[in-house]
Amino acid sequence: MTVEAANKRMPGRLDGQSRRLIAVHGMYAAASALSGTFIPVYLWKAKESFASIGWFCMSQYIVSGLLFWLAGKWVKEHNKMIVFRLGIVLSGCFYFTVLMLGPSAYRWVVPIGILDGLALGLFWLSYNIIYFEVTEADNRDRYNGLAGLLGAAAGIIAPWLSGFIITSMRDGVGYRVIFTASLIVLAGAVIGSLGLKNRGPEGHYDWMLPFRQLKERGNPWRRFAIAITTQGIRDSVFMFLVGLTVYVATHTEQKVGNYALITSAVALVSFWLTGRFLKMKQRSGAMLIGVIALSAVILPLFFGITYPMLLVFGIGTALLIPLYMIPMTSTVFDLIGRNEESVRQREELIVLRELALTFGRAIGMTAYLLVLTRTHSPAAITWLLFGVGSMPIIGWIATRHLLNRTAAGEDGFQAAQRKEGAHATHRAIDNGPHWRHASGSAKKAGNRRGRGGAGQA
């Protein structure tokens, strides 16, 4: 956000550009909730194979992550709005392709995963840049709370409606209806994006800056890269396996829609309350409660993967996920805006964030493929969910001293860096070779969420 625009609005309030971006994001979320919720179920019904769904997701993650790095140059040096709209259009192409392939889509899981990865990569790269430009540290928590609220609202209505349509129509007609509806909503998102203003290009894209950040001792990005990677590990599996597990346990899309309705209704209230009342100085404590509680709510599944137990897990997750996601997302973007140099490097730093997410998602999907291609037992699914779902605890440990410092701007981070430098040689967490894997790793995004099942949060 420009200085002039920031001065015109009340502190903590959102201006017209940020509200428009929330609206476009809401339509994109609605399209994903309508159809993306049921993509894993659609592929599963065509062929009951955890492996084929895993390879669809893996190809999506790898392509979207690499595209972030490659497309970063265009976004920084040219028109990011073109990339933003192209991402929305390609999302429409993805749903159209699945619609045309029909039940044979399972034979093309890698190509359609690549197409989906292209769409997600372009959309979330440009969205995150625009999001950073239209918000400031004093209204970022409010923006994230409202964006989460709209996402939850879409998750309440759209999956339930889709489940009802699918179960009410035979021979796959329901799937064709919801895929077509997503195309219409995405067209509306493109139209809505026309009112967003493009900030002119600033500087040249530095291909290697993300990796130099990770090599620099005492740089806070080293610790946040660890936290973002653990977020990616969790996201990669939760984004689709939870909704798919609901379908496998109940054998009806309507139950998947009902599950999404209930959990999203809880998330709507939780995101609104957290976004409204969470203070910057409370981020570390809130995230600690969030990561521990999100691990604890998985425990009921050890008593059996039944619909009631999945509801207990889903409601608990929806209630607690804002305590983790809002501090994490807001802090990372505050870190990007901590000084003028970081602001000029925002594209490269967002690429760094996405590479860490992609690396984490590749790890999570590798674990998924190793486990569920060998056994489909409920115990294996539960242990997998618990293992990847507990990873954010490591992220909090890595960043606990930095989460509340972003509000202090450059001075707060300089103090943190001095403390880091004084103790770096004694901390094994900073001495690992995490940065070496980023360039060759396989999202999202996100804040990049990709296309997942019901209750993916």
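All values below were derived from every heavy atom in this structure, side-chain atoms included, with hydrogens, water molecules and symmetry-related copies excluded. Positions are given from 1, in the same order as the sequence printed here. All values derive from a computational prediction rather than experimental measurement.
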If every non-hydrogen atom of [X] is compared with every non-hydrogen atom of [Y], which pair is closest and at what distance?
X	Y	value
Leu120	Tyr28	CD2-OH, 3.5 Å
Ser182	Ser35	OG-OG, 2.6 Å
Val351	Gly72	CG2-CA, 4.4 Å
Pro220	Leu402	CB-CD1, 3.9 Å
Arg400	Ser284	O-OG, 3.2 Å
Leu355	Gly65	CD2-O, 3.8 Å

Got [X] and [Y] here, is their nearest side-chain heavy-atom distance under 4.5 Å?
X	Y	result
Val110	Ile114	yes
Tyr95	Leu34	no
Ser18	Tyr131	no
Leu310	Leu301	yes
Thr135	Phe333	no
Lys80	Leu125	no
Thr329	Arg140	no
Leu294	Thr317	yes

Should the heavy atoms of other residues, nucleotides or ligands under 6.0 Å from OH of Tyr307 be counted, would the total exceed 12?
-> yes

Decide if atom CZ of Arg212 counts as having more than 12 heavy atoms of other residues, nucleotides or ligands within a radius under 6.0 Å.
->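 Buried by this count: over 12 neighbours within 6.0 Å.
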
For residues Phe240 and Tyr368, establish whether the separation of their ring centroids is below 6.0 Å.
-> yes

Are a donor atom and an acceptor atom from the side chains of [X] and [Y] found within less than 3.5 Å of each other?
X	Y	result
Ser330	Asn144	yes
Ser342	Asn339	yes
Arg223	Thr399	no

Side chain to side chain contact (heavy atoms under 4.5 Å, CB included) assessment of Leu150 paired with His25 = CA-CA 8 Å; Leu150 280 181; His25 176 269; 5.7 Å; no

Check Phe68, Phe84, Phe94 against Phe123 for a ring pair (Phe, Tyr, Trp, His ring centres under 6.0 Å) and give me the one that passes.
->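 When ring pair (Phe, Tyr, Trp, His ring centres under 6.0 Å) is applied between Phe123 and each of Phe68, Phe84, Phe94, only Phe84 qualifies.
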
Backbone of [Y] reached by a side-chain donor or acceptor of [X] within 3.5 Å:
X	Y	result
Arg353	Ile228	no
Glu77	Tyr205	yes
Arg374	Leu370	yes
Tyr61	Phe359	no
Ser270	Val266	no

Rounded distance [0.5 Å steps], [atom1] in [X] versus [atom2] in [Y]:
X	Y	atom1	atom2	result
Tyr175	Ile178	OH	CD1	6.5 Å
Asp235	Met391	CG	CE	13.5 Å
Ile226	Ile397	CD1	CD1	10.5 Å
Leu268	Leu273	CG	CG	9.5 Å
Gln60	Leu118	CD	CG	10.5 Å
Leu122	Leu90	CG	CG	6.0 Å

Verify side chain to side chain contact (heavy atoms under 4.5 Å, CB included) between Glu136 and Asn139, making sure each step is shown before the conclusion.
-> CA-CA 6 Å; Glu136 294 288 338; Asn139 66 359; 4.0 Å; yes

Carboxylate-amine/guanidinium proximity below 4.0 Å for Glu253 and Lys45 | yes

Does Lys76 come within less than 4.0 Å of Asp206, counting only side-chain N to carboxylate O?
->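 No, no charged N to carboxylate O under 4.0 Å.
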
Decide side chain to side chain contact (heavy atoms under 4.5 Å, CB included) for Leu70 and Lys73; before the verdict, give the C-alpha distance in whole Å, the side-chain angles of both, and the deciding distance to 0.1 Å.
-> CA-CA 7 Å; Leu70 296 173; Lys73 182 176 177 62; over 6 Å; no

Between Trp396 and Ile289, does a side chain to side chain contact (heavy atoms under 4.5 Å, CB included) hold up when you go through it step by step?
-> CA-CA 10 Å; Trp396 177 83; Ile289 295 171; over 6 Å; no

Option from Leu311, Thr263, Val256, Ile305 for which side chain to side chain contact (heavy atoms under 4.5 Å, CB included) with Val246 holds = Val256

With sequence neighbours left out, the residues meeting ring pair (Phe, Tyr, Trp, His ring centres under 6.0 Å) with Tyr106 are none

Between Tyr127 and Trp124, what is the ring plane arrangement, given parallel below 30°, perpendicular above 60°, and tilted in between?
-> perpendicular

